[in-house]
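One structure is given below, encoded as structure tokens.
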Amino acid sequence: AAAARAAAAAAPLLLDAVRREEAASKKGFKRSDACQAAFAEAWLRARAAPQDLVLVLYGDAAFGDALGARGDVRTGRLGRVCGGAVDDDLVGGTAGGLVDAAAVLIHLPASVESRGAALALQAQGAEGYEEELVARLRGFRPDFGLVATCFGRAPEDFHGESGVEARAHARRLQCPLVGFLAGGEFGAAGGSEFGALGFTTCLGLRGVALGFTTC
């Protein structure tokens, strides 16, 4: 409920890369990705603090690279940033206009009751994945989360069986989750620097820090 109220209070940022490209440059999409990332960093700098959660979805994976190159985003000064690239090919065309056209950032401010956490998990296999999840969650009790899972982790042969990560999330997170398969993820693999990643499952969580936490 607190996360929902925070989301309603903080208007999301929608960046349209197509119109920005037409207005800013004729040198190709790379320029507009950099322009988008700079604008996103400025938007976050006016709003976000290190304890906040920032959810990011984008259609062009190059935007993730550009955003991760922004200093205050990379160091976590502008919140726990988590999300990834919504690849139209991976979701059967349902992403529509977001693909190669836009980036969406949603800022969920920290409060007395809750704060943000971002985990990027890399372990393979049922036991290894759950162990890594538990270790990274230490001292944190989530009440809401976003899951961005690399498409490369989805095939059954990656973990040796199906449903490994979903079962671990149900047992250990015990909170409402929304998510998608990503063509490139964004998070902090070691809990320190934020940036574009691959073959990870990135979790953006809101909740209560009960003590020491590595999130």
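Bear in mind that the values here come from a model prediction, so they are computed numbers and not experimental data.
Taking CG of Asp157 as the reference point, atom CD of Gln124 lies at 8.5 Å (rounded to 0.5 Å). Residue Asp72 holds its CG atom at 10.0 Å from CG of Leu44, rounded to the nearest 0.5 Å. Once rounded to the nearest 0.5 Å, the distance linking SG of Cys150 with CD of Gln122 reads 11.0 Å. In this structure, the separation between OG1 on Thr149 and CZ on Phe158 is 10.0 Å, given to the nearest 0.5 Å. Atoms OG1 and CZ, from Thr75 and Phe194 in turn, are 9.0 Å apart once rounded to the nearest 0.5 Å. Residue Glu185 holds its CD atom at 6.5 Å from CG of Leu197, rounded to the nearest 0.5 Å.
Salt-bridge formation is not detected for the pair Arg206/Asp143: no Lys NZ or Arg NE/NH1/NH2 atom is positioned less than 4.0 Å from an Asp or Glu carboxylate oxygen. Salt bridge annotation for Arg167-Glu161: present, with a cationic side-chain nitrogen under 4.0 angstrom from a carboxylate oxygen.
Atom CZ of Arg77 sits in a sparse spot, with 12 or fewer heavy atoms from other residues, nucleotides or ligands closer than 6.0 Å. Shown here is Arg141, whose CZ atom has no more than 12 heavy atoms of other residues, nucleotides or ligands within 6.0 Å.
In terms of heavy-atom proximity, Pro142 sits nearest to Cys175 at O-CB, 3.6 Å. Scanning all heavy atoms of the two residues, the minimum distance from Ala148 to Gly83 falls at CB-O, 3.5 Å. What you find for Ala117 and Phe140 is that their closest heavy atoms are CB-CZ, 3.6 Å. Of all heavy-atom pairs between Arg153 and Ala123, the closest is NH2-O, 2.7 Å. Taking every heavy atom of both residues into account, Ala61 and Gly183 meet most closely at CB-O, 4.1 Å. Closest approach of Glu41 to Gly71, counting heavy atoms only: OE2-N, 3.8 Å.
Looking only at side-chain heavy atoms (C-beta outward), Leu133 and Leu119 come within less than 4.5 Å of each other. Val178 has its side chain out of reach of Val147: every pair of non-hydrogen atoms, C-beta onward, lies at least 4.5 Å apart. Two residues are said to be in side-chain contact when any heavy atoms from C-beta on lie closer than 4.5 Å; Arg80 and Val54 fail this criterion. Annotation: side chain of Leu173 is in contact with side chain of Leu205 (closest heavy-atom distance under 4.5 Å). A 4.5 Å side-chain heavy-atom check between Tyr58 and Val104 finds every atom pair outside the cut-off. Looking only at side-chain heavy atoms (C-beta outward), Trp43 and Leu105 come within less than 4.5 Å of each other.
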Test side-chain contact (heavy atoms from CB on, under 4.5 Å) applied to Asp52 and Leu108, step by step: CA-CA 6 Å; Asp52 297 350; Leu108 302 177; over 6 Å; no
CA sep, side-chain torsions, deciding dist, call: Leu137, Arg172, side-chain contact (heavy atoms from CB on, under 4.5 Å): CA-CA 9 Å; Leu137 273 175; Arg172 301 298 182 176; 4.3 Å; yes
Derivation of the side-chain contact (heavy atoms from CB on, under 4.5 Å) call for Leu146 and Leu203: CA-CA 6 Å; Leu146 172 79; Leu203 301 170; over 6 Å; no
Audit row: Phe186, Leu67, side-chain contact (heavy atoms from CB on, under 4.5 Å) steps and yes/no: CA-CA 9 Å; Phe186 198 97; Leu67 186 64; 4.0 Å; yes
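Hydrophobic clustering, with ILVMFWY side chains joined whenever heavy atoms are under 4.5 angstrom apart, keeps Val86 apart from Phe199. Val73 and Phe39 fall within the same hydrophobic cluster, where Ile, Leu, Val, Met, Phe, Trp and Tyr residues are linked whenever their side-chain heavy atoms come under 4.5 Å apart, directly or through other members.
Donor-acceptor pairing under 3.5 Å is recorded for the side chains of Glu165 and His159.
For Ser111 (side chain) and Glu113 (main-chain N/O), a donor-acceptor pair under 3.5 Å exists by modelled atom type.
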